[in-house]
Amino acid sequence: MQPYDHKRIERKWQSVWSKTKLYRTDGGAGQRSTVNGEKSYVLDMFPYPSGDGLHVGHPKGYIATDVFSRYNRMQGKQILHPMGWDAFGLPAENYAIANKIHPELAVKKNIKRFKKQLGLLGFDYDWEREINTTDPHYYKWTQWIFLQMFHHGLAFRSNEPINWCPSCKTGLANEDLEDGKCERCSSVVEKKALPQWVLKITDYADRLLSGLDTLSWPEYIKESQRNWIGRSEGAEIRFKIQDSGFKNKKEITEIKVFTTRIDTIFSGTFVVLAPEHPLLKNIESGIVNIGEIRKYQDEARQKTEIERTDKSNKTGVELKGVTAINPSTGESIPIWVSDFVLGEYGTGAVFADAHDRRDFDMAKTYGIPLKVSILPPEPELAEKVKRLEECFEGEGILFNSGPFDGLSSKEARPKIVAWLQEKGHATSTVKYRLKDWVFSRQRYWGEPIPLVFCEACKKQVDVHKTQTAQKAKQSTKHKFSKGELQNPGWIGVDEKKLPVKLPKVESYEPTGTGESPLAKIEKWVNVKCPKCKGPAKRETNTMPQWAGSCWYYIAYCIRENHKSQNTKTKQFPNLKSQKTKRILQKWLPVDMYVGGAEHATRHLIYARFWHKFLFDIGVVETDEPFQKLQNVGLILASDGRKMSKRFGNVVNPDEIVERFGADSLRVYEMFMGPFNQAISWNTDALVGTHRFLEKILRLHLNVEKKKSTASNPVLSTLLHQTIKKVGEDIIGFKFNTAISALMILTNALEKEPVLPPKTLAVLITLLAPFAPHIAEELWQKLGHKKSVHLEPWPVYDTSAIKSLLVTIVVQINGKVRGSFEAGRNATEESLKETAFSLPTIRKWMEGKETKKVIIVPNRLINVVVV
RNA sequence: GGGCACGUGGCGGAAUUGGUAUACGCGUACGGCUCAGAACCGUAUCCCGUAAGGGUUGAGAGUUCGAGUCUCUCCGUGCCCACCA
C-alpha cells in the first residue's frame, strides 16, 4: 500500500495555495466562487506572541475558524479571515526583560516563530491583512480613538487610589485582578494613590447591558457580563445628620445611602460609612473622637485587597458626637465607620439593620441595638428572628413598619420609596458594579497616551471655568474641547502629529516609583504645547494591554490587499473617511468570533465599549462588533493540568505535524470532544484520526474508473444524510459529530465493492474544511484542475435523506421485545399487524389483555398489556 | 454567600430534543499479514447469566404508554462573580 506521505502533500499544497493567492479576500482565486456578494467575517482572538511559541492547545480555535471559513467559502461567500498580533503589554515586556532583549526585537522574533508554526497547519488566512498592534501605523489609530474619547469627555484624570501590583510595578484595572491578586503574576495587590487616566466606561453601562440581548453569544458569557456590569435597582435615601454635642441637637448636613432593600428601612438602627467617605472630613469638627477615626482610616488604607475583603471579622469605630436620623422612624441612630463598606460602590455609605448578615454581625460584635422589621412566613423561624437569634435576610412580611405593616417586601418597596420621596428623603435610582476603566500603565511597552500638560493652558481653562460661557469665549484665546475643559492643563496632541511614537530607551524596565520609564527621557517629555506653543510636558504613562485589541477587528477590514508584496509602509486609511465607512459597512459586524472564555469580562467588554463610542462618532454603523461568539475549550495536558513549561507537559504542534501531519492534528482537535469543553490531550487517540485519513486515501485506490450504473439506495441515503449533518454541525460548531459522520460514511464506502468517483468526490468536498491538504491531493487525483476549496458545498436531496426502509421497534409495556423492517410511512394498521404477528411479541402478549397500543410513525409501537 | 453549567462503559464522548442508551474514536482481547515490528488489516468488546432472561445514564422520588432527556430532593464536580448594601 502506498504510504500516506503527509509531509510531501502538505508542503506541496501550502506552496500552491500561497502562490495562487487562493485565500486572498479581494481579488484572490477565491473570488471566483463568490455568490451575490454575501460575506462572512470570521475572526480569531489574535494571540500575543509569547516567547514560548505555540503548544497544541493554541490552534484549536484557529482550526475551528478555518473549518468554518472554508465551509462558508464553499457556500459561495466572500471571506475575511485574518490574523495578527497583540504584541503590546506585560507578557511581551516581561519576556523581553527576562531575556534581556528589547521588547521590539523580542516581538519581531516571536512573531516570526508564531507565523511559521501557524503556517504549518495550512490555515486559510489572508496574510496580506496581517496587523501588529505595536506597529506605529497601527497604534496611530489606537491613539486617535483615545484622543476622540478624551475630547468627548470620556477620559478623566483621577487621583483615587488604584490597584498597584508591586511586582509588575504598575497600576491595574479592576478587570486585571483575580481574588485581590495581580492576574499576571499573582502578587498581592496594594492600593496606591497615583494620578491616572480613567475611561468612563460606566457612561455606557446601560447600553453594554441592553446590547447583550441582541447577541448570539453563549448564555454564560452574557451572564458574566451582566454580573460584571452589576446593575442594581434601588433607592437613594437621605439621612439627616445632627451634631448631638449641642443641647438642641443641630442639624449639620445629610448623608446619602444606597439600598436595594428599602423594605427594611424601619429596622435601620445605624449608619455605616466607608473609611474614605468624604463626609468624615466635612464634619470632623463635630466628631469628638476624630483621632480614633483617623487611626482607623490609616489602618484601613494600609490593608491589602485580600485583608480588606476578609469576611470573617468586622471592625469599625463609632462616630461620637454625631447621629443620623432614620427618615422612616425619625429616630436618632449612631453612625459608624467600617471598611466592610466600600467607598467605590453606591454612595460609600449604608444604613444597617438586622436583615443583613454583615450588619447583623457588626451589631453583635459591638453591641449596637438591632430591630426586626421583616418576618419570614414560617412561624418558628419568625420567633427566632424576633428574638434576634437568627439573621433573616430573605423577603417576607413587614412588621414594626408603621403604615406598611403586613405588606410583602415586594409590595412594600415601591410604596416606601414613594412615601419617602414625597417627604424629600429618597429617590429611586440605579447603581452599577462596573467601575470606570483605569487606563494608565507605568510601563514602557504600550501605546503612549497622546496628551500633554501645559501650565499656561491650565490657567486659561481655570479662567474659563470661573466665567460664564459667553465671557469665556471672549477672554480665552484658544478653543478647548470638552475633555480639555474637564482636565485643566491637559491638551490633546494634534491629530496630524499622530502617532506619538514610543521613543527608544536604554532602560525600559519599570521604575517602581509610579513613573513610567518614559519620564526619564527629557527630550521626549518636553514639547511645545499644541495649543499655545508654550512649554509643555508629555503624558508618560502608556495604555494598557487591552487598548490595541479594542479595534483590531476594524483594522483588518480597512487593511486592504496591497498590490506590491514589498510595501513596507502599510498605512491605514483615515478612520473618519467615507471610504473607510463604506468598507466597514460591508464587513461589520464580525459574523463569527472565536476565542477563550477568559476574555468574557475584559476584552469583550472593552471592545464593545470602544465600538459603541465609534458608533456614536459615526465611524461604524453597527451597534455591536461581534454578532456571534463561540468559546474554545482548553486543551489540557494528558495529566489533566494546564499545559505549561513549568509542568513540563507541553506538546509542541510542530512535532505532531512532523509525525502525523497537519491534517491529522486538525481532525483530531476537532474530533476530541465538544468544542467549548476542556479536554486532555492524548496522542494515542490522535492515531485514530490518522488512520481515518489513511482509510480515505485507500478508498481512492479502490475507486473505479468507469461509471457505476448500479446505485445502492442505502448508501445514497447515508451520503445525503452525511451532507446534511456535516454542514449543520459546522454551522453549530459541533465538529466532533461532523467528523464522526464522515467516519461512518467512510466505513460504509469501504465495504462497498464498487465505488463511483462521484461518491468519493462528495466525501472529499465534505472533508476539505477539516483536512484541506489531503482533500486537495485526492481532488487533483480525481482529475480536477481547480482547487477543492473553491468547489461549491454539496447539496443534499431532502427526499434522499429519508431511507425507504425504517426499523420499527416493538415494545411491550415500554420494554423492547422485538423489531422489524417496514416501508417508510406504512399505515398504522399494517404496522400493528406485522408487530402482532412476530413470534416473540406473540409470546409476550399471550394470555394478557391489551389495554392500549401506542404507535409512533416510522419509529415504534408500544403495546400496553395487563 | 449569589449566578451559570454539568454528572452516560476501562477512557474521550454520541443519542433524531420524550421514542432501540452506549454511535464514532481510543484502549483491550483474539485472529491475519509479516523474517519482524505497529503508527497495518479483520473480528469482538456496557454489566450479570451457559441460556432464557435480568440489570444499567451520580442517588432517591415524581410525571408519562415510554425518561439519559421533563419536575422535585439529595450527593458530587467545574466555571464566573463576591463584604456590591
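Letters A, B, ... mirror the listed sequences (proteins, then strands); counts begin at 1. All heavy atoms count here, side chains included; hydrogens, waters and symmetry mates do not.
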Atom pair CG (A:Asp353) and SG (A:Cys391), whose distance is rounded to the nearest 0.5 Å: 8.0 Å
For the CZ atom of A:Phe770 and the CE atom of A:Met670, what is their distance to the nearest 0.5 Å? 8.5 Å
Exercise: do [X] and [Y] side chains pair donor with acceptor under 3.5 Å:
| X | Y | result |
| --- | --- | --- |
| A:Asn174 | A:Trp437 | no |
| A:Asp729 | A:Thr737 | yes |
| A:Asp206 | A:Tyr432 | yes |
| A:Asp797 | A:His720 | no |
| A:Ser803 | A:Thr717 | no |
| A:Thr807 | A:Glu821 | yes |

Just by protein heavy atoms under 4.0 Å, how would [range] read 5' to 3' in B, S and -?
| range | result |
| --- | --- |
| nucleotides 78-85 of chain B | --SSBBBB |
| nucleotides 60-66 of chain B | -----BS |
| nucleotides 43-48 of chain B | ------ |

Which residues pass the ring-ring contact (aromatic ring centres under 6.0 Å, His included) test with A:Tyr366, sequence neighbours left out? A:Trp336
Listed partners of A:His6 passing ring-ring contact (aromatic ring centres under 6.0 Å, His included), at least two apart: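 Counting only residues at least two positions away or on another chain, A:His6 forms a ring-ring contact (aromatic ring centres under 6.0 Å, His included) with A:Tyr4.
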Nearest-Å distance once atom [atom1] is located in both [N] and [M]:
| N | M | atom1 | answer |
| --- | --- | --- | --- |
| B:U45 | B:C81 | P | 47 Å |
| B:C24 | B:A14 | P | 14 Å |
| B:U71 | B:U20 | C1' | 26 Å |
| B:U22 | B:A44 | P | 15 Å |
| B:A61 | B:U50 | C1' | 38 Å |

Polar-atom pairs under 3.5 Å, protein N or O versus N or O of nucleotides 9-13 of chain B: list them with distances, or write none.
| from | atom 1 | to | atom 2 | distance (Å) |
| --- | --- | --- | --- | --- |
| B:G12 | O2' | A:Met672 | O | 2.6 |
| B:G13 | OP1 | A:Gln677 | NE2 | 2.3 |

Salt-bridge test for A:Arg413 and A:Asp263: reply yes if a basic N is under 4.0 Å from a carboxylate O, no otherwise.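 Here A:Arg413 pairs with A:Asp263 in a salt bridge, since their nearest N and O are under 4.0 Å apart.
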Less than 4.0 Å between a side-chain N and a carboxylate O, is that true for A:Lys724 and A:Glu728? yes
Return the nucleotide paired to [N]: Watson-Crick means purine N1 to pyrimidine N3 with N6-O4 or O6-N4, wobble means G-U with N1-O2 and O6-N3, both under 3.5 Å.
| N | result |
| --- | --- |
| B:G1 | B:C81 |
| B:G7 | B:C75 |
| B:U22 | none |
| B:U57 | none |
| B:G31 | B:C41 |
| B:U50 | none |
| B:U63 | none |

Has A:Arg602 got its NZ or CZ under 6.0 Å from the middle of the six-membered ring of A:Trp546, at an angle within 45 degrees of the ring axis?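 No; the conditions do not both hold, so A:Arg602 does not lie above the ring face of A:Trp546.
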Earlier contact from the 5' end, RNA chain B, for A:Val856 and A:Glu219: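 Residue closer to the 5' terminus by nearest nucleotide: A:Glu219.
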Sequence-distant partners of [X], side chain to side chain contact (heavy atoms under 4.5 Å, CB included), two or more places apart:
| X | result |
| --- | --- |
| A:Trp844 | A:Ile812, A:Arg817 |
| A:Ala349 | A:Ile255, A:Val257, A:Leu273, A:His277, A:Thr347 |
| A:Lys7 | A:Asp5, A:Arg11, A:Glu658 |

Look at the side-chain N and O atoms of [X] and state whether any lies under 4.0 Å from the OP1 or OP2 oxygen of [N].
| X | N | value |
| --- | --- | --- |
| A:Asn747 | B:A23 | no |
| A:Arg698 | B:C41 | yes |
| A:Arg691 | B:G25 | no |

Could you go over nucleotides 51-55 of chain B and give all protein N or O partners under 3.5 Å, atom names and distances?
| from | atom 1 | to | atom 2 | distance (Å) |
| --- | --- | --- | --- | --- |
| B:G53 | OP1 | A:Lys843 | NZ | 3.3 |
| B:G54 | OP1 | A:Arg817 | NH2 | 3.2 |
| B:G54 | OP2 | A:Arg817 | NH1 | 2.9 |
| B:G55 | OP2 | A:Lys815 | NZ | 3.4 |

Qualifying residues under salt bridge (Lys or Arg N to Asp or Glu O under 4.0 Å), relative to A:Lys435, sequence neighbours excluded: A:Glu344
Side chain to side chain, A:Leu767 and A:Ile774, heavy atoms closer than 4.5 Å: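 Yes, their side chains come closer than 4.5 Å.
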State whether the number of non-hydrogen atoms from other residues, nucleotides or ligands found under 6.0 Å of A:Leu804 atom CG is greater than 12. no
Check the interface with nucleotides 31-34 of chain B: list each N/O to N/O pair with the protein under 3.5 Å, or write none.
none

